[in-house]
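In what follows, a structure is listed as structure tokens, so that the remarks can point back to it.
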Number of protein chains: 2
Amino acid sequence: MSLRHALLGVLSARPMNGYSLARFFLASQNWVWSAPRSQIYSALKSLEDDGLIDASREEGRNGLVTKVYSLSPAGQAELDHWVSTPQPPSPHRDAFAVQALHFDAIDPEDAATVLRAYLDDQRRQLAEWESHRDALASRSTPLLKERLASRPAGEHERIATLKAHVFEGQAMQALARIAWAEQALELVAAGVSVATPTG
Amino acid sequence: MSLRHALLGVLSARPMNGYSLARFFLASQNWVWSAPRSQIYSALKSLEDDGLIDASREEGRNGLVTKVYSLSPAGQAELDHWVSTPQPPSPHRDAFAVQALHFDAIDPEDAATVLRAYLDDQRRQLAEWESHRDALASRSTPLLKERLASRPAGEHERIATLKAHVFEGQAMQALARIAWAEQALELVAAGVSVATPTG
DNA sequence: ATGACCATGTAAGCAGTTACATGATTAC
DNA sequence: GTAATCATGTAACTGCTTACATGGTCAT
């Protein structure tokens, strides 16, 4: 159900077409929810059917006609209500942990290779999250600028701080995973008989 | 695709029926992958069709007939291969972060309520993961005992250490989320006009 | 004219959720 | 007898993935 609310959330900053929305959700981006374009378009249709967003055909900067969606009052109410309601914890699924649970059963060098690939991924993610955090803190992202434009100046600092802190949280989790993987690299190497020197 | 490998992983310790396997995957358990029973049963059927596990009708301790699955050589090979292969990072989806991104737009007391519920969940999870970590480190879980029984004694310490470390990693991530949520609680309260003293 | 990007979708299939159906055993 | 646990499934549905289809604009 969260894709719907994530879409409402982006639209609460400004009206947007499906393609632009999809950029926020493209896999391997520095965003907290990912989804392919096909899913965005059908979710938008269903949100429109439910009256949570309104569609209007407008021309983009090229005279090209696109479908622009904006949050309806009902959509804003639904978003606010959802954000204000504690959600039950979502089921836990950590594919990498499943893999790691069996590192004892394979060649330690293979385990090290898997761990190093994981470390690369996590370090890349960390960099993206830190950079997004900094961009929000300095209010330099286009979406945040548009959002702040409709809020009193006195609230700007608080809003930017809270939003930046969400990505600080993502970064903190990435740091925990990185620290863990570094320890794991030492552990998988620990029990290995030393290779015969070949060079 | 990971449920299949998670099932192969559990079966690599010992043969088991679907109901027992499902206990490892029940939501809100201290396990790294969750799935409902219905999904376990159909996944087992498909694994059997693919020749990765073998089924045999055996009688349980009550003379009651159950279907016991065991890992086939092909299943063991598939598991080892999957564990040894770096997987592409799975798409990121953090529903709570979507919620947190909009804490600036709602009543700070509602945001605090949501954060406290999250903190409760994470602290409960942390306790479960720490206890599972300790149980593995002291080799007191039934499954680990059976697993160690088929491995040379000299490897026992390394195996237990590596498995315990996976849950240490889960605990580290929970700690990061808890630390983040505690900071967030301070931040949401920060910009609030002080309530009139009422007691 | 070729490739990159803008823009909107459909279709098929797999993964995951929720509810239902059935029946035996064990503990109180 | 009644509730909890053991045990195996089916059915309907929603969410997510992957591939395909179409056509316009912009820069080289």
Side-chain angles (χ1 to χ4, degrees), chain A residues 1-8 15-29 31-50 53 55-69 87-95 98 142, chain B residues 1-8 15-29 31-50 53 55-69 87-95 98 142:
Chain A
M1 304 229 100
S2 293
L3 174 58
R4 291 165 63 89
H5 293 106
L7 285 165
L8 295 178
M16 225 180 275
N17 64 32
Y19 191 83
S20 306
L21 279 164
R23 270 195 293 255
F24 288 89
F25 295 90
L26 283 182
S28 83
Q29 285 291 120
W31 189 245
V32 291
W33 196 271
S34 85
R37 262 194 267 277
S38 62
Q39 206 187 355
I40 309 277
Y41 284 117
S42 48
L44 286 171
K45 181 171 268 182
S46 115
L47 285 168
E48 193 192 353
D49 290 346
D50 295 349
I53 59 179
S56 66
R57 295 212 157 263
E58 287 175 30
E59 47 181 300
R61 46 189 176 7
N62 315 319
L64 218 163
V65 179
T66 74
K67 207 188 273 187
V68 174
Y69 293 97
Q87 303 298 133
S90 43
H92 191 67
R93 256 172 236 121
D94 186 339
V98 175
Chain B
M1 301 232 106
S2 294
L3 174 58
R4 291 164 63 88
H5 293 105
L7 285 165
L8 295 178
M16 225 179 276
N17 64 32
Y19 191 85
S20 306
L21 280 163
R23 267 195 296 254
F24 287 90
F25 295 91
L26 283 181
S28 82
Q29 284 292 121
W31 189 244
V32 290
W33 196 271
S34 85
R37 261 194 266 277
S38 62
Q39 206 187 354
I40 308 279
Y41 284 117
S42 47
L44 286 170
K45 182 171 268 181
S46 116
L47 285 168
E48 193 191 354
D49 290 346
D50 294 348
I53 59 179
S56 65
R57 297 213 154 262
E58 285 175 30
E59 48 181 298
R61 46 185 177 11
N62 315 318
L64 219 162
V65 179
T66 74
K67 206 188 274 187
V68 174
Y69 293 97
Q87 304 298 132
S90 43
H92 190 66
R93 256 171 235 122
D94 185 338
V98 175

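For the numbers below, each heavy atom of this structure counts, side chains included, while hydrogens, waters and symmetry mates do not. These figures come from a predicted structure and were not determined experimentally. Within every chain, numbering begins at 1; the chains are lettered A, B, ... in the order of the sequence lines, protein sequences first and strands thereafter.
Distance B:Phe25 CZ to C:dG16 P: 11 Å, rounded to the nearest Å. Rounded to whole angstrom, the span from the CG atom of B:Leu26 across to the P atom of D:dT5 amounts to 12 Å. Going from atom CG of B:Leu21 over to atom P of D:dG9 covers 13 Å, rounded to whole Å. Rounded to whole Å, the distance from CG on B:Leu3 to C1' on C:dG16 is 10 Å. Rounded to a whole Å, the CD1 atom of A:Ile40 is 15 Å from the C1' atom of D:dT18. Rounded to an integer number of Å, the gap from A:Met1 CE to D:dG15 C1' is 10 Å. C:dC5 atom C1' lies 13 Å from atom CG of A:Asn17, rounded to whole Å. In this structure, A:Leu44 atom CG and C:dT8 atom P are separated by 9 Å, rounded to whole Å.
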- Message: Test side chain to side chain contact (heavy atoms under 4.5 Å, CB included) on B:Thr66 and B:Tyr19; report intermediate values, then the result.
- Response: CA-CA 9 Å; B:Thr66 74; B:Tyr19 191 85; over 6 Å; no
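Considering every non-hydrogen atom in both B:Leu3 and B:Ala35, the closest pair reads CD1-CB, 4.0 Å. The two residues B:Ala43 and B:Leu7 make their nearest non-hydrogen contact at CB-CD1, 3.6 Å. Nearest approach of A:Tyr69 to A:Glu48, heavy atoms of both residues: CE2-OE1, 3.9 Å.
The residue from A:Gln39, A:Lys45, A:Arg37 that alone fulfils the side chain to side chain contact (heavy atoms under 4.5 Å, CB included) condition with A:Tyr41 is A:Arg37.
Within 4.0 Å (heavy atoms only), B:Ser42 reaches no atom of the nucleic acid at all. Within the 4.0 angstrom heavy-atom criterion, only backbone atoms of the sugar-phosphate kind lie near B:Arg93; the bases stay farther away. Backbone-only contact: A:Arg23 has heavy atoms under 4.0 Å from sugar-phosphate atoms and none from a base.
Proximity of B:Tyr41 to the phosphate of D:dT8: a side-chain N or O atom is located under 4.0 Å from OP1 or OP2. For the pair A:Tyr19 and C:dC6, the criterion of a side-chain N or O lying under 4.0 Å from OP1 or OP2 is met.
Comparing D:dG15, C:dT8, C:dA15 against the side chain of A:Gln39 picks out D:dG15 as the nearest. Comparing atom distances between the B:Lys67 side chain and each of D:dA7, D:dG9, C:dA15 picks out D:dG9 as nearest. When each of C:dT18, C:dA7, C:dG16 is scored by its nearest atom to the side-chain atoms of B:Trp33, the top-ranked nucleotide is C:dG16. You'll find that the side chain of B:Ser38 is closest to D:dA11, out of C:dC6, D:dT17, D:dA11. Out of C:dT8, D:dG9, D:dT17, the shortest distance to the side chain of B:Pro91 is found at D:dT17.
Along DNA chain D, the nucleotide closest to B:Tyr69 and the one closest to A:Arg37 are compared, and the more 5′ of them pairs with B:Tyr69.
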